[in-house]
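Here the structure is laid out as structure tokens; the discussion comes afterwards.
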Amino acid sequence: METKFNLLDYDQDGLKEVIKSVIGDSLDLTPYRLRQIFQWVYRRRVKDFSSMTDISKKLREALAESFEITLPEIIFSQNSVDGSRKYLLKLKDGSEVESVLICQPTRFTLCVSSQVGCAIGCKFCRTAQMGLKRNLKVSEIIGQVMAVQEDVWSRGERGITFDDPEAQAPFQNIVFMGMGEPLHNKDSVISTVKILNDEHGLNFSGRKITVSTSGLIPAIKEFGESSARANLAISLNATTDEVRTEIMPINKRWPLEDLLETLRQFPLKAGRRITFEYVLLAGVNDTDEDMKRLPVLLRGIPAKINLIPYNSNSGLGYYPPEAERVQIWQKTLLSKGMNSTIRWSKGMDISAACGQLATESMRAKKKLEQALAA
Ligand code: SAH
Ligand code: SF4
């Protein structure tokens, strides 16, 4: 059987191109018509073209012939005691990825994956151990967002109903901090962010989206120059090249000084900051000297430092510092006028915390539950 194009793989510009190339120029594909299609797909959530009643029958039929609208399938989910929930999603080729709905005091945030596995090889990260299996397509990233939204609506949680998607969003923020290095899959990530931003798409403001990267300099530049609107977060994790290269091999290719210079040039809107993630690893990157060097390194960059006490992954040989030490870090940074927060982990009991995502653990849990139920 001939495979169809998944409509969710395209932002508006891309959709226009692909429809033109597949169906031809004969159809009445005005910007207005494209917006209508987007509204049917992303706002009204229809999955078949015949329901798009304000679009001509001819176009509907032509679309149905070459396109489909399919989401990744949620095959398992696990709730954490802290209100977070981890999802295991199955893709068309049988690959699996994880998304985490993170419960915070005033909001929910969805953490999405951008690749199956990751090629970057950070020593402390569980995903790194999977290696890179493949990049996710746009439909597989935007599809995580839609599938989780639709799951929350169908559960009827917090009074949200499926009929009224505008009533209340199941989550307000989206972070590209799941499995994978988003900027290693930059074209798909940029298109996904454009669909998120699109008022006829999922309509998330750029302030509500964060793309986190281990520091791929050329892709950071391209991302900054693109029309995708999202916050940038950099996994810094060290204050010297020596330590950074040891724990993040990518630092060899794109060392600290070059990375920070790129960020000084990064086009930021007034009042906005770049987030620096700093995973605290006891005895590795949490010394008094690191504490002193960090504010100096970040001079000239509007920065927000997110301190992340390490979430232990057994066998990797890294440990978090004592909670007290984490607090000293924050106090010291604040006293130097730096904006600094602590990201206490979420979903620890279900291995949903940062750097703990690797689908085999969730698959094992699913099998166990199935065996117990049998
Ligand atoms: N690949 C991207 C985004 C996913 S990782 C990146 O590295 O930025 C999201 C964050 O989790 C990164 O800042 C990473 O440094 C951090 N992280 C990885 N493993 C962790 C762990 N075990 N405990 C705490 N944070 C971790
Ligand atoms: Fe990849 Fe990010 Fe993990 Fe590094 S921390 S291996 S870049 S997912």
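Side chains are part of it too, since the values below use all heavy atoms of this structure and drop only hydrogens, waters and symmetry mates. The first residue in the sequence is number 1, and the count goes up from there. Order of listing sets the numbers, starting from 1, for every ligand and every atom in it.
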**Item:** For ligand 2, the portion of C118 having any non-hydrogen atom under 4.0 Å away
**Value:** side chain
**Message:** For atom 8 (O) of ligand 1, tell me which residue out of P320, P309, C118, S235 has the closest non-hydrogen atom.
**Reply:** S235
**Item:** G178: numbered ligand 1 atoms lying under 4.0 Å from its heavy atoms
**Value:** 4 (C)
**Message:** Measuring from non-hydrogen atoms of S235 to any atom of ligand 2, is the shortest distance under 4.0 Å?
**Reply:** no
**Asked** For ligand 1, which atoms have a heavy atom of I308 less than 4.0 angstrom away?
**Response** 24 (C), 25 (N)
**Prompt:** Which distance, rounded to the nearest 0.5 Å, do you find between the OH of Y10 and the NZ of K137?
**Reply:** 8.5 Å
Side-chain donor-acceptor pairs of residues 293-302 under 3.5 Å, sequence neighbours excluded:
{"residue": "R293", "atom": "NE", "partner": "T239", "partner atom": "OG1", "Å": "2.9"}
{"residue": "R293", "atom": "NH2", "partner": "T239", "partner atom": "OG1", "Å": "3.4"}
{"residue": "R293", "atom": "NH2", "partner": "D290", "partner atom": "OD1", "Å": "3.2"}

**Message:** Side chain, backbone, both or neither: which applies to F124 and ligand 1 if a contact is any heavy-atom pair less than 4.0 Å apart?
**Reply:** both
**Prompt:** Does a sphere of radius 6.0 Å around CD in E261 hold more than 12 heavy atoms from other residues, nucleotides or ligands, not counting ones at 6.0 Å or beyond?
**Reply:** yes
**Asked** Does even one non-hydrogen atom of S114 get within less than 4.0 Å of ligand 1?
**Response** no
**Complete:** The atoms of ligand 1 lying under 4.0 Å from a heavy atom of E181, numbered in the order shown, are 1 (N), 2 (C)
**Prompt:** G180 near ligand 1, heavy-atom distance under 4.0 Å?
**Reply:** yes
**Prompt:** Parallel, tilted or perpendicular for F223 and F266, by the 30°/60° rule?
**Reply:** parallel
**Request:** State which residues pass salt bridge (charged side-chain N to carboxylate O under 4.0 Å, His left out) with D288; sequence neighbours excluded, sorted by chain then number.
**Result:** R325
**Request:** Can you label the angle between the F67 ring and the F49 ring as parallel, tilted or perpendicular, going by 30° and 60°?
**Result:** perpendicular
**Request:** Confirm or rule out an N/O/S atom of C122, from backbone or side chain, lying less than 2.8 Å from atom 3 (Fe) of ligand 2.
**Result:** no
**Asked** Near S214, which atoms of ligand 2 are under 4.0 Å from a heavy atom of that residue?
**Response** 7 (S)
**Request:** Examine V279 against ligand 1 and note whether any of their N/O atoms are separated by less than 3.5 Å.
**Result:** no
**Message:** Just to be sure I'm reading this right: ignoring hydrogens, which of M248, E277, M177 gets closest to atom 5 (S) of ligand 1? Compare them by their nearest heavy atoms.
**Reply:** M177
**Message:** Between R155 and D151, does any side-chain N to carboxylate O distance fall below 4.0 Å?
**Reply:** yes
**Request:** First locate atom CD1 of I217, then atom CG of L263, and finally report the distance between them rounded to the nearest 0.5 Å.
**Result:** 8.0 Å
**Prompt:** Mind checking whether Y310 and W344 sit in one hydrophobic cluster, side chains of I, L, V, M, F, W, Y counted as touching below 4.5 Å?
**Reply:** yes
**Item:** N237 and ligand 1 - part of the residue with a heavy-atom distance under 4.0 Å
**Value:** side chain
**Item:** S50 and D48 side chains, donor-acceptor separation under 3.5 Å
**Value:** yes
**Asked** Short N/O distance, under 3.5 Å, between R343 and ligand 1?
**Response** no
